[in-house]
Number of protein chains: 2
Amino acid sequence: MLIGTFSERTGCHIETIRYYERIKLLPKPPRTEGRHRLYDREQVKQLMFIRRSRELGFSLDEIRILLLLVDGKQYTCLEVKTITEAHLEDVKRKIADLRRLQKTLAAISGQCEGGLVPDCPIIDTLFSE
Amino acid sequence: MLIGTFSERTGCHIETIRYYERIKLLPKPPRTEGRHRLYDREQVKQLMFIRRSRELGFSLDEIRILLLLVDGKQYTCLEVKTITEAHLEDVKRKIADLRRLQKTLAAISGQCEGGLVPDCPIIDTLFSE
DNA sequence: CTTGCATCTGTAGTTCCTACAGGTTTTATC
DNA sequence: GATAAAACCTGTAGGAACTACAGATGCAAG
């Protein structure tokens, strides 16, 4: 598949795909005779993983490590354990934060149900020190 | 409290705090006679909210809107419903993605338990098309 | 009163994209 | 098979969200 289709399937802009290739986050794909890039399904999965991880707030460097982890063979067992455990903590915290945000948003939306504009400082009870 | 303490309590770099003030995400704080910034607990909450939202992948513009939402009185009831509902969808998807990531990481970590370096392509079954 | 640390303003650099400009390749149409 | 439109190419410049100085000022302690 050409880069346009690849872009559509992954929801990733064409420019971003070329950027990821430049910084070596994605491997250099084979080309057609006219030098157009060619991708397959395997790479769709990989780019989806990258895109979603980015949306979840992981940096490209963190994603680079995650990809190597999932790929296996780049790290020793101890390193794998250390890195995954750290990420697991991070992921748990993010889930907890998102749940709280979800509740707040639902509460705000609910208050509006009756035609009232919400005015209580809900934020106070959330994301506090 | 001075900006140093404020920075510690929120986990936000001093430069970032000043940057947020410059782009009007944070209000201009009162100053001491020597022009040093003064913050209170209320602002700690607000900045924590901003920081965590950023970690969860929201843009500063989205956060600006979230802050106005939570603050009330900036939007009509219909606007509030529309915006919160859109964000709720987004939040739900993020939680689902994080859960899958959590499972993957746990699986990787688990495989290592026995001293084995993981080598199966777990990524294939996750974050696919 | 001076030494050292925190803060100040301002600017330049980094990361992660995003948007052209100007040129080539492919594909659809006549 | 000519040609026009769409998709692709490389390269560079711009934008968002920080981050890291440099050089000056404020302030508390010895």
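As the structure is a computational prediction, the values presented were derived from the model and not from experiment.
If you check every strand for non-hydrogen atoms under 4.0 Å, B:Y20 touches sugar and phosphate atoms only. B:R22 comes within 4.0 angstrom of no nucleic acid atom, judged by non-hydrogen atoms across all strands. A:I14 comes within 4.0 angstrom of the backbone, heavy atoms only, and of no base. Residue B:I23 is classed as having no contact, given no heavy-atom separation below 4.0 Å to the nucleic acid.
Within the 4.0 Å cut-off from OP1 or OP2 of C:dT24, not a single side-chain nitrogen or oxygen of A:R35 is found. A close approach under 4.0 Å does not occur between any side-chain nitrogen or oxygen of B:H36 and OP1 or OP2 of D:dG26. Between B:T16 and D:dA17 there is no side-chain N or O to OP1 or OP2 distance below 4.0 Å. Between A:R18 and the phosphate of C:dC17, there is no side-chain N or O to OP1/OP2 separation shorter than 4.0 Å. The side chain of B:R54 contributes an N or O atom lying less than 4.0 Å from OP1 or OP2 of D:dC18. When the side-chain nitrogen and oxygen atoms of B:S59 are compared with OP1 and OP2 of D:dA16, none of them lie within a distance under 4.0 Å. In this structure, A:R51 does not reach the C:dC17 phosphate: none of its side-chain N or O atoms is under 4.0 Å from OP1 or OP2.
A:D97 pairs with exactly one of A:K94, A:R99, A:R100 by the side-chain hydrogen bond (donor to acceptor under 3.5 Å, both in side chains) rule, that one being A:R100. The side chain to side chain contact (heavy atoms under 4.5 Å, CB included) test with A:I83 singles out one residue from A:L68, A:I65, A:L66, and that residue is A:I65.
For the pair B:E33 and B:D61, both in contact range of DNA chain D, the more 5′-proximal nearest nucleotide belongs to B:D61.
The ring of A:H13 has its center no closer than 6.0 angstrom to the ring center of A:Y19.
Linking ILVMFWY side-chain heavy atoms closer than 4.5 Å, directly or via other members, places A:L2 and A:M48 in two distinct hydrophobic clusters.
In this structure, the side chain of B:D40 engages the main chain of B:Q43 through a donor-acceptor pair within 3.5 Å.
Taking atom OH of A:Y39 as the reference point, atom C1' of D:dA7 lies 14 Å away to the nearest angstrom.
Comparing C:dT7, D:dC9, C:dT18 by their closest approach to the side chain of A:Y19 singles out C:dT18. Among D:dC9, C:dT7, D:dT19, the nucleotide with an atom closest to any side-chain atom of A:R31 is D:dC9.
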